[in-house]
Amino acid sequence: MYDIVILTGAGVSAESGLGTFRDKDGLWTKYDLSEVATPEGFAADPAKVHGFYNARRANALDAGPNAAHHALARLQAARPGEVLIVTQNVDDLHERAGSTRDIIHMHGALTGALCASCGHRWPAPREMHPTDPCPACTRPHTRPDIVWFGEMPYRMDEIYAALSACGLFVAIGTSGQVYPAAGFVQEARAAGIETLEINLEPSDGASLFHRAVHGPATQTVPDWVGTLL
Ligand code: OAD
């Protein structure tokens, strides 16, 4: 089991140039969440939803990991098998910093494609389109392998098992507004686990954590990792 479980959100990738969702100028101030991040939105206008995620994928490909991603990868490398990263982010910047194992993308990944008909998964091309056939069943019901609102995040059993058995839970760069991730701090506290928030500013759930460090992730995360190594 893991000693440390780290939940990351859009704030960890913000200084890589990827937009957050709920900050001023965040993605949900420019796009209607119900149109681009729900199964109903995809059913109504698959081209619009593919266009939204094609743009996210292009942004992620053009971006690179920052000092916060690198620091978390250093921590994992220094303590092999002891540190689990659970990310809400659909970019692959943790992986590109070196976190290639002990990482769970609970909201899916831009690098993945999923057939809505047969459930087959394969690596997403740079651009996806509604008419793309599934490589397994050939039906044109392909979607990004992203968990939308109203869908169950991935690998929740593994996440809760890790949470209940760890010694420290850390939330980094997340507003604490989207469940079930927003509830992890209460799960951890109920199990008597120490909790730490690292965020630009106090999140909605800041008072639920034992300790908090506020400031940009590229400074606060390397500083925190430095105290552990
Ligand atoms: P949000 O946009 O809700 O929150 C981002 C958080 O990061 C805020 O609390 C910011 O204060 C903080 N932040 C911004 N810049 C930062 C920086 N440089 N350093 C540290 N913190 C910074 O994003 P999430 O909490 O990740 O889900 O959003 C959760 C989910 O809502 C996403 O996974 C996505 C979204 O809708 C789906 O699309 C299913």
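Keep in mind that this is a model prediction, so the values were computed, not measured. Counting starts at 1 for both ligands and their atoms, in listed order.
For the side chain to side chain donor-acceptor pair (under 3.5 Å) with His105, the qualifying choice from Gln88, His94, Glu95 is Glu95, the only one to do so.
Residue contacts with ligand 1 for His107 involve side-chain atoms from C-beta outward but no N, CA, C or O (heavy atoms, distance under 4.0 Å).
With atom 29 (C) of ligand 1 as the reference point, the heavy atom nearest to it among Gln177, Gln88, Met106 is part of Gln88. Between the choices Val147, Leu27, Ile172, Asp23, the shortest heavy-atom distance to atom 14 (C) of ligand 1 belongs to Asp23. Within the set Tyr179, Phe149, Trp148, the minimum heavy-atom distance to atom 38 (O) of ligand 1 is found for Phe149. Proximity annotation for atom 25 (O) of ligand 1: of Leu33, Thr38, Thr174, Thr174 comes nearest, heavy atoms only.
Taking Arg121 as the reference, Asp145 meet the salt bridge (Lys or Arg N to Asp or Glu O under 4.0 Å) condition, with sequence neighbours excluded. Every residue meeting the ring-ring contact (aromatic ring centres under 6.0 Å, His included) condition with His50, not counting sequence neighbours, appears here in chain and number order: Phe42.
For ligand 1, the atoms closer than 4.0 angstrom to any heavy atom of Gly173 are 5 (C), 6 (C), 7 (O), 21 (N).
Contact annotation: Gly26 has no heavy atom less than 4.0 Å from any atom of ligand 1.
Using a 30° and 60° split on the angle between ring planes, Phe184 and Phe169 fall in the perpendicular class, above 60°.
The pair Glu35-Lys48 counts as a salt bridge, with a side-chain nitrogen and a carboxylate oxygen less than 4.0 angstrom apart.
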